[in-house]
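Structure, as structure tokens:
In what follows, chains are A, B, ... by sequence order, proteins preceding strands, each numbered from 1.
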Protein chains: 2
Amino acid sequence: MSSSNILKNISVDCVVFGYERNALRVLLRQEFINYRGRIYEEWKLPGNHVLREETTDETAVRILREQSGIAEDVYLKQLSVFSDVNRLKLRDRDYKWKKEQGVGDNRVVTVAYYSLVNISDIDASHLYNVARWHKVSEVKELIYDHKDILDTALMQLREDLLNKPILFELLPELFTLTELQTLYEIILDTSFDKRNFRRKISNMKYLIPSGKRQENVSHKPAMLYLFDRKIYEKTKQDRFDFSV
Amino acid sequence: MSSSNILKNISVDCVVFGYERNALRVLLRQEFINYRGRIYEEWKLPGNHVLREETTDETAVRILREQSGIAEDVYLKQLSVFSDVNRLKLRDRDYKWKKEQGVGDNRVVTVAYYSLVNISDIDASHLYNVARWHKVSEVKELIYDHKDILDTALMQLREDLLNKPILFELLPELFTLTELQTLYEIILDTSFDKRNFRRKISNMKYLIPSGKRQENVSHKPAMLYLFDRKIYEKTKQDRFDFSV
DNA sequence: CCAAAAGTGTTAGCACTACACCCATGG
DNA sequence: CCATGGGTGTAGTGCTAACACTTTTGG
């Protein structure tokens, strides 16, 4: 990568959320940092510098493609800028490693994005370097300020899912109402009454029973639903409700 | 300004909203651009490059202080990054002028903030260069992509004021309920029923009658209210309501 | 027939909407 | 006494929350 091609002071980091085996997960990349004679195993968010001829949105798409094998259109939203002067220097070994990467500046402002993907859509063999899905609830420490970024993304996701039908992005095309409810409950860390949840769902005209049912389950097979984006775009309306 | 001190590729622009004489206003700075033998009068948002040793939040505060004489704590919120590759080149005369400013790079990613201030709190004599309050509804064209930034800020403001008690930031410390209602109506471009509005208000525990009343008005003097931030912080609660 | 999850209705309280008149003040 | 904006109540409607049992399938 020719350094005149990249903006040395600006990067993009992506918080890629997925949902698998009853847990919200985040895609992290592994790096090994050699510091004072010891090898540290570190995890970081997929990220990269912004190229001179690219918007930050394009950088985010490129990161997803190059580092996660995510080729299709996915939900991607700009979160926030992280610009703390010492964000790369919070731990000495991170900073030393950063300097070894050779991009040549130690002041990097990063634009964070978050993304929602359906894990089963992703060809795991395309995952760049060592990248793995981690349970969000079990992520303790990340390189630089990436744990802050992850925490911010999670807060934003919780807020967004109350106002926009985005959780479908985490599910396969066809899903059951119980799967959807469980997903809401896991991310919001709460629980809902099944009947009330379904009544609310049935007011959402863009959530459509597909006619197909689960197969090979040892209980009454559930109806599979799908999210119709076109109907949503047509019927959504701004909420006029200043409640706080 | 020594150019080694500043980040050439990163700036901050501030959309400063105020409210005066029944209109939402925005603070704009005037520049005269000499282009092909003609002087163009241009308006822009207050903005500047980020210094090497400062966060973008700090840049925004500095811009408000230096360019608007806004010294006190004001409401300030990060909006979004604008990173279009050609955002400075939308009009040739803007781009030529930018190059004359001598910061030395033509690829600038800007972090936009929006701010809410009480115009009467601001000492107008401190306004830097020529800066004036413009009716938001009458702003037609701005330099670079600043009109886009303003439009985005207005949309964000409309969304935020439905969910957070931020409009008080635009009013004097003591205000009447009619003033508050008019402010909502102007920004949202709608109208509310007076009794219903007041019922809603009376559910907001942090909105307190001060005991004082208007003076020297030729009608029944209205009660003056104040916004109690401490009570708001204590009593606010997350809304669990996925309605869309 | 057992285990497991699917699916379904009613009631009570609360919030939102629509709507019209009297009150207090300055001039 | 007039003009101006301040201030108040009620009834109907729809959303929300709480709550338990029957159904369908695989094993």
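- Closest to the side chain of A/R198, out of C/dG7, C/dT17, D/dT4, is C/dG7.
- Considering only side-chain N and O atoms, A/S218 lies nowhere under 4.0 angstrom from the phosphate OP1 or OP2 of C/dA3.
- OP1 or OP2 of D/dG7 sits under 4.0 Å from a side-chain N or O of B/R213.
- When rounded to the nearest whole Å, the span between NZ of A/K200 and P of C/dG7 equals 20 Å.
- At whole-Å resolution of the value, CE in A/M223 and C1' in C/dA5 are 15 Å apart.
- Residue contacts shown for B/T176 are absent, as no nucleic acid heavy atom lies under 4.0 Å away.
- Taking atom CG on B/L180 and atom P on D/dG5, their separation rounds to 18 Å, with Å as the unit.
- Between the CD atom of B/E215 and the C1' atom of C/dG26 there is a distance of 14 Å, given to the nearest Å.
- When the nearest nucleotides of DNA chain C are assigned to A/R199 and A/K220 by heavy-atom distance, the more 5′-ward of the two goes with A/K220.
- Going from atom NZ of B/K194 over to atom P of C/dC23 covers 14 Å, rounded to whole Å.
- Taking 4.0 angstrom as the limit, A/R195 places none of its side-chain polar atoms (N or O) nearer than this to OP1 or OP2 of D/dC19.
- Between B/Q214 atom CD and D/dG5 atom C1' there is a gap of 9 Å when expressed in whole angstrom units.
- Using a distance-only test at 3.5 Å, with no hydrogens or angles considered, a donor-acceptor pair links the side chain of B/Q78 to the main chain of A/V81.
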For side-chain contact (heavy atoms from CB on, under 4.5 Å), just list the numbers for A/F168 and A/L180, CA-CA rounded to whole Å, side-chain angles, deciding distance to a tenth of an Å, and then say yes or no.
CA-CA 8 Å; A/F168 311 106; A/L180 183 62; 3.8 Å; yes
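- Straight-line distance from the CZ atom of A/F175 to the P atom of C/dA6: 14 Å, rounded to whole Å.
- Following rounding to the nearest Å, A/N196 (CG) and C/dA12 (C1') show an atom-to-atom distance of 13 Å.
- For B/Y40 and B/F32, the ring centers sit 6.0 Å or farther from each other.
- Side-chain contact of B/D160 with B/Q156: a donor-acceptor pair under 3.5 Å is present, judged by distance alone.
- No side-chain heavy atom of A/K230 sits less than 4.5 Å from a side-chain heavy atom of A/E233.
- Put simply, the side chain of B/N203 and the base of C/dA15 share no donor and acceptor less than 3.5 Å apart.
- The side chain of A/D193 sits closest to D/dC19 out of D/dT25, C/dA6, D/dC19.
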